[in-house]
2 protein chains.
Amino acid sequence: MHTGEGSSAHDPHRDIPEATVARLPVYLRALTSLAERNIASCSSEELATAAGVNSAKLRKDLSYLGSYGTRGVGYDVDYLSYQIAREIGVTHDWPVIIVGIGNLGQALANFSGFSSRGFRTVALLDAAEPMQGRTVAGIAVRPFADLAEIVTAEQVSIGVISVPAAAAQDVADAMVEAGISSILNFAPAVLNVPDGVDVRKVDLSIELQILAYHESRKAAEAEESVDDGSGEGVSA
Amino acid sequence: MHTGEGSSAHDPHRDIPEATVARLPVYLRALTSLAERNIASCSSEELATAAGVNSAKLRKDLSYLGSYGTRGVGYDVDYLSYQIAREIGVTHDWPVIIVGIGNLGQALANFSGFSSRGFRTVALLDAAEPMQGRTVAGIAVRPFADLAEIVTAEQVSIGVISVPAAAAQDVADAMVEAGISSILNFAPAVLNVPDGVDVRKVDLSIELQILAYHESRKAAEAEESVDDGSGEGVSA
DNA sequence: CCATGTGAAGGTTTTCACAGCT
DNA sequence: AGCTGTGAAAACCTTCACATGG
C-alpha cells in the first residue's frame, strides 16, 4: 500500500471521506440554487442552511477539497461550484444507459435532473418485445441484447437498473461483462459484483420502512406521555 | 433527557442505532426471499450473504432487538421475520399518500413493492387541472386542495412528495399542517420541517454524482498505474 | 461442538472551539 | 472584526474474537 502518488500530506487530492463525498452533490445543488438567485457569494452558514447541514460540517467537508473560501468573507458561489463539480468529476457529461423501461425506467428517462446535472442518457434498453421500436423521452428503446455494443460504442461506464428484482442480477452481470463499472440499482435486490465495480441502491420500500419505524416510535411515545410531558422529536 | 421509561438496561425496547434501523428492512427482505424458497432456518452467515452485509454486523444489529436466534443452530426464518417486522412497525399496513402524479408519481403509484411491504396508497394528489379525474394504478387523482381532508379521514401519517423542486417546500408545509409527520421526498430540494417531523430524501442525480466521483477516481488511478501495477477497487 | 451474542478494539464521522488570515 | 480552516474531543459505527449456552 503506497501513500499518495506524489501528493504532499496536505494537498487536496486523496482520501475524501465517503460521508463527505455523499454531501458534495448536495452542496453543488445548493450553490446552483444560490447562483440562480444571483447571489455571488455566501458564508458557510448560509450555504449550510441552503444544503440542510450545519456549518461546521460544511466547512470540514470543504476543507478536504482545499481552501476555496476567503477568511472573514465567505465563498464565491461560481468558483466554489466549479471546484466541487471538478472534484466530483461532472465538469464534463457522463454517458448513462437505463435498462428496464417500465414505469420507473420511463420516469427516469424523462427526468430532466439527470441531464442537467452531468449525465446524458445515451440509450434505453428493455428485453420485452412490445417495448421495441417505442420511443421514450425522445430516445428509442433498444433490445437488451445490444447492451455490450452500446457500452463499447458510447464508452458508457455508468448503468441504471430499473428492472424487476428477479432480473436485476442478470442485468448487473451483463453490465459488468460489457465493461460498466458503476451501477445505480432501483431493483429491490442485493447485487453481487466483482471488486472495482461500484453499486449504489435506491430502494423505495426500505425508505418507507425506515420512516415507519420512527413513526411507530412516535406513536409509542405519545402513548407513554400520558404522565410524561417531554416531546422529543427526530428529524433528518 | 431521561433514560429508559421502565426498561432494564438490556431489554429490547429503546435505542436501536440509526445505522441498524436502516438495515432492518434489508434483512426483512432477505428473509422474505429465503421464505419464498422454502428455507425455514438459516445461520447469520447465510442471512448476511443474502442481505449483502457481513455476519458480525448482522449479529450485532439483531442483538439490539433481542435474542431471537439459537446458539449452535441459527435463526428461524419466519420467527425472525416477524420480530423484525414488529420492530419496524410493519405488522399492520400504513396508509400513504402521494403528491405529484407526474412520471415519477405514476411510477410510484404503480410500484407493487409499496403495497406488498406494509404500505397502502390511499390517495394520489395533484394540483394540475388536466390530472383531475384521471385514474392511476386504479386510484383516482384528486385535487391537492383535498390534502387535509384526506389525511384526517384516512389517518395518514406518511406522505410521498414527487413534485418539481420548486413546489416541494409548499407541499411539505401543507402536509405538516395537515398532520403528516413522515415525508419521503423525491424532489431535489432541501425541506424545512418542524421538529418531530421526519424527512427522508431520495435524489437520483445525487446518487449518480456519487458514482461519478468514484468513476473519476478509477480513471485517474488507471492513468497513474502506467508505472504502478496495483489495482485497488472500491465497492459498496 | 457450533453458531449466537457481545465486550472491547479500531475506524469513521460529527461536533467543538479557536487559531489564523483577510 | 469576522469567517474560514482545522486540530482535538466526543459520538457513532464496524469489526474482532471469544465466552456462552443450546
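Lettering of chains follows the sequences in order, A, B, ..., and the numbering in each one begins at 1.
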Q: Just by distance, do the side chain of B/Ser162 and the backbone of B/Gly102 share a donor-acceptor pair under 3.5 Å?
A: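 Side chain of B/Ser162 to backbone of B/Gly102, a donor-acceptor pair under 3.5 Å: no, none is there.
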Q: Between A/Gly72 and A/Thr20, name the one whose nearest nucleotide on DNA chain C is closer to the 5' end.
A: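 It is A/Thr20 whose nearest nucleotide is closer to the 5' end.
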Q: What's the shortest heavy-atom distance between B/Ala189 and B/Ala168, and which atoms?
A: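 Looks like CB-CB, 4.4 Å.
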Q: From OH of A/Tyr64 over to C1' of D/dT6, roughly how many Å is that when rounded to an integer?
A: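 In whole Å, D/dT6 C1' and A/Tyr64 OH are 9 Å from each other.
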Q: Whole Å only: how far is the CG atom of B/Asp15 from the C1' atom of C/dT6?
A: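 Taking atom C1' of C/dT6 as the reference, CG of B/Asp15 is at 16 Å.
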Q: On the nucleotide D/dT4, are OP1 or OP2 found under 4.0 Å from the side-chain N or O atoms that A/Ser44 carries?
A: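 Looking at the OP1 and OP2 atoms of D/dT4, one of them is under 4.0 Å from a side-chain N or O of A/Ser44.
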Q: Could you state the atom-to-atom distance from NZ of B/Lys57 to C1' of C/dG5 in whole Å?
A: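 So the two atoms are 18 Å apart, to the nearest Å.
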Q: Grab the CD-C1' distance between A/Glu45 and D/dG2 for me, whole Å please.
A: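 So the CD-C1' distance, A/Glu45 to D/dG2, works out to 13 Å.
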Q: Could you check A/Asp61 against A/Val73 and say which one's nearest nucleotide on DNA chain D is further toward the 5' end?
A: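 Of the two residues, A/Val73 wins.
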Q: Of all the choices, C/dT13, D/dG7, C/dT4, which nucleotide is nearest to the side chain of A/Ala19 once you look at every atom?
A: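 Per side-chain heavy atoms of A/Ala19, the pick is C/dT13.
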Q: Flag the pair B/Ile84 / B/Leu62 as yes when at least one side-chain heavy-atom distance between them is below 4.5 Å, and no otherwise.
A: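 Yes - at least one pair of side-chain heavy atoms lies under 4.5 Å apart.
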Q: Quick one: which protein N/O atoms are closer than 3.5 Å to N/O atoms of nucleotides 17-19 of chain C? Pair and distance per line, please.
A:
none

Q: Between D/dT14 and B/Asn54, is there an OP1 or OP2 to side-chain N/O distance shorter than 4.0 Å?
A: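 No, outside the criterion.
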Q: Output, in order, the C-alpha distance, side-chain angles, deciding distance and verdict of salt bridge (Lys or Arg N to Asp or Glu O under 4.0 Å) for B/Arg217 and A/Glu87.
A: CA-CA 10 Å; B/Arg217 289 304 171 96; A/Glu87 191 66 44; 2.8 Å; yes
Q: In whole angstrom, give the distance that lies between atom NZ of A/Lys60 and atom C1' of D/dA10.
A: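 After rounding, the reported distance stands at 13 Å.
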Q: Within this structure, what is the CG-to-P distance between A/Leu58 and D/dT6, rounded to whole angstrom?
A: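 Whole-Å distance recorded here is 13 Å.
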Q: With a 4.5 Å cut-off on side-chain heavy atoms, are B/Trp94 and A/Leu211 touching?
A: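 A/Leu211 vs B/Trp94: side chains apart.
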Q: Nearest to the side chain of A/Thr70 - C/dT14, D/dT6, C/dT22?
A: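 Minimum distance to the A/Thr70 side chain belongs to C/dT22.
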Q: Can you list the residues that meet the ring-ring contact (aromatic ring centres under 6.0 Å, His included) rule with B/Tyr82, with sequence neighbours excluded?
A: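 With sequence neighbours excluded, B/Tyr82 shows a ring-ring contact (aromatic ring centres under 6.0 Å, His included) to no residue whatsoever.
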Q: For A/Ile16 and C/dT12, give me the distance from atom CD1 to atom C1', rounded to whole Å.
A: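 Nearest whole value for this atom pair: 15 Å.
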Q: Please pick, from C/dT13, D/dA8, C/dT6, the nucleotide with the shortest atom-to-atom distance to any side-chain atom of A/Glu18.
A: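 Of the candidates, C/dT13 comes closest.
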Q: May I ask you to decide if the ring planes of B/Tyr79 and B/Tyr68 are parallel, tilted or perpendicular, using 30° and 60° as cut-offs?
A: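 B/Tyr79 and B/Tyr68: perpendicular rings.
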Q: Send over the distance from A/Arg23 CZ to C/dT13 P, rounded to a whole Å.
A: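 The answer, rounded to whole Å, is 8 Å.
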Q: Kindly say if B/Tyr75 contacts the phosphate of C/dG5, meaning a side-chain N or O under 4.0 Å from OP1 or OP2.
A: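 So the side-chain polar atoms of B/Tyr75 do come within 4.0 Å of the phosphate oxygens OP1 or OP2 of C/dG5, strictly under.
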